[in-house]
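Below, all heavy atoms of this structure are taken into account, side chains as well, without hydrogens, waters or symmetry copies. The chains referred to below are lettered A, B, ... by the order of the sequence lines, with proteins before strands, and numbering in each begins at 1.
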Amino acid sequence: MGLKIFNTLSRKKEPFATEVEGQVRMYVCGPTVYDQAHIGHAMSSIVFDVIRRYLEYRGYQVRHVMNYTDVDDKIIVRARELGQDPIQLAQHFVEQYDRHLQELNILPPSVRPRVSSEIDGIVGMVKGLIEAGHAYRVNGDVYFDVEHDPDYGKLSGRKVEEMLAGARLEIDERKRNPADFALWKAAKPGEPSWDSPWGRGRPGWHIECSAMSRRHLGDQIDIHGGGNDLIFPHHENEIAQTESLTGRQFSRYWVHNGMMQLNGDTMSKSTGNMLPITEFLQQHEADVLRLIVLNSHYRSPLAFSSEIAEAAANGLERLRSAFKPAETSGAGEAGPAEQNLTEAVATTQAEFAAAMDDDFNTPKALGSLFDLVRSINLARDGGAGQPALQAAQQQLRELAGVLGLRLAAGTVPDPRLAALVEMLVEIREELRAAEQWGLADRIRQRLADQDILLEDGKHGTRWRQG
RNA sequence: GGCGACGUAGCCAAGUGGUAAGGCAGGGGUCUGCAAAACCCUUAUGCGCGGGUUCGAAUCCCGCCGUCGCCUCCA
């Protein structure tokens, strides 16, 4: 049983085979940095982080490139509105997104290239396309000639002729074909621009990813990813450019995540229908967003709501419930409780891998984790000892880690707070011993009001922050 | 108009021919001084609707209804 991945190119699940044995080269389209990122961007980054983590778990060495588009019409417009320098504005949001990656427990991509520092590679590629006859110059602009690419449309399933009929945008008379797209745009006054053989200008949107992918990963890569809104025209055009130039298949697998929706509509920076990552993280911990993403398949659309956030927060608590220590103080006897647990650990591992092997079926993989949680809690209640329990907990922690869940306690308690709570717990123990229930319950209630929850067990009282 | 998805319990969601995972919420119980937590039981004779194929369909085919995405910047 090997790993299978749904390839947008074939619209089928295909067995995963990399070009170079044991190595994965993965390029994922990152955000255009003209505004703060929303949880839809986070979803995409989380999805590909999980893919990367699982590939690494399976023993692949992964080189992961994620780009920042820091030269773009929208950035220029926004910068003008704010009276700022476009490159500096972009820099600000790049830094913010880098922080988000960290907060969301996303492994840092191996490389995070930006358009503004890759101009030479882009110019070189455009030059190559012109020389090979795939692109043509119109004044200071350069366009890709789709008629020169017999395969054009293979990713999105479109045909050049059909697109003409449905074309809603104004046709630029200077293009040979309305579907032709800009590789290089002549500079306008006040815009960032660079020298090129065609005069000063800046890259078109699609060429950057072709050039950066090629520079950092080579002519052929294993996985190219992004949101499914990028299939057309962005990824279609990337394929056209790269393959016209190299004569080789660009990416072996095209992987696209579904869109996150808010209020019944796709999140979009331009329409303002969005929930910024910053805002989400003010209300929830990062694992909550990750659990929301993991709970539905990455290719499906995901409708965000406060209800699912609450459900995910509660689900997280359940996962954490498995990490409570044994009820018995000794090593415990290898009774039926421990034996069942040992079996559960083995089946969980197998089920988890089988689910993930099937096009990263994270909802199913999560199911196996929840099953293990039940087994652990059951074994604890059944008197399993600490060593057996810890082995199972270790398994759970490892597999949750493959999904990027930290499962750490929500917040690290402040030592002074901990000392105070423990003092109150101690006093309350004495009150309980003296059957002073009224006072004991009052302490518990007042602490609960501060989100400090007391749980009286057989072997003393535990507390945690809610 | 063109292309493509999707519609599974109160909610989220897996399942693509063999008789409905998992989570959240709800109900009952065990434990507990009472709680909480944990555990046990419970909540879809049915998977948008109507036909068809099959020994057998949520899963395949046809039609209908509904929701959404892309076709234009978008993760």
Begin from the C-alpha positions of A:Tyr143 and A:Phe181 and carry the test ring-ring contact (aromatic ring centres under 6.0 Å, His included) through to its verdict. CA-CA 5 Å; A:Tyr143 290 100; A:Phe181 53 92; 8.8 Å; no

Taking the C1' atom in each of B:G26 and B:U19, what is the distance between them to the nearest angstrom? 28 Å

Which nucleotide sits closest to the side chain of A:Arg158: B:C71, B:A13, B:A25? B:C71

Taking only the side-chain heavy atoms of A:Ser300 (C-beta and beyond), determine which of B:A75, B:A14, B:C24 contains the nearest atom. B:A14

Hey, does the side-chain of A:Arg432 have a donor or acceptor N/O within less than 3.5 Å of a partner on the base of B:G33? yes

Considering every strand and a 4.0 Å limit on heavy-atom distances, what is the contact class for A:Arg442: base, sugar-phosphate, or nothing? nothing

Note: A:Asp449-A:Arg444 ion pair, threshold 4.0 Å (strictly below): no

Nearest-nucleotide pick for A:Met43, side chain only, options being B:C24, B:A13, B:A75: B:A75

What I want to check is whether an N or O donor and acceptor connect the side chain of A:Asp229 with the base of B:C73 at under 3.5 Å. no

Per A:Asn361 side chain, nearest of listed nucleotides B:G15, B:G22, B:C70: B:G15

Tell me: CD1 of A:Ile39 to P of B:A75, nearest whole Å? 15 Å

Within this structure, what is the CG-to-C1' distance between A:Asn295 and B:G23, rounded to whole angstrom? 6 Å

Under 4.0 Å between a Lys/Arg side-chain N and an Asp/Glu carboxylate O for A:Arg53 and A:Glu398? no

B:A9 versus B:G50 - spacing of their P atoms, nearest Å: 15 Å

Looking only at atom P, what distance separates B:G48 and B:A14, rounded to whole Å? 14 Å

Nearest whole angstrom, please: distance from the C1' of B:A13 to the CZ of A:Phe370. 12 Å

Is there a residue in residues 447-455 of chain A whose heavy atoms reach under 4.0 Å of RNA chain B, and which residues are they? A:Leu454, A:Glu455

Nearest-nucleotide comparison on RNA chain B, the residue closer to the 5′ end among A:Ser368 and A:Trp437: A:Ser368

Whole-angstrom distance between B:G23 and B:U8, as gauged at atom C1': 15 Å

Value in whole Å for how far the P atom of B:U16 lies from NE2 of A:His297: 12 Å

Side chain A:Arg444 and base B:C34 donor-acceptor under 3.5 Å: yes

Other residues, nucleotides, ligands: >12 heavy atoms within 6.0 Å of A:Arg442 CZ: no

To the nearest Å, give me how far apart CD1 (A:Ile277) and P (B:A75) are. 11 Å

Does the side chain of A:Leu396 come within less than 4.5 Å of A:Phe323's, by heavy atoms? yes

Whole-Å distance between B:U72 P and A:Asp180 CG? 14 Å

Between B:C73, B:A75, B:C71, spot the one nearest the side chain of A:Phe232, thanks. B:C71

Picking from B:A75, B:G22, B:C68, the nucleotide nearest the side-chain atoms of A:Asp371 would be B:G22

Among B:G33, B:A38, B:A14, which is the nearest nucleotide to the side chain of A:Asn377? B:A38

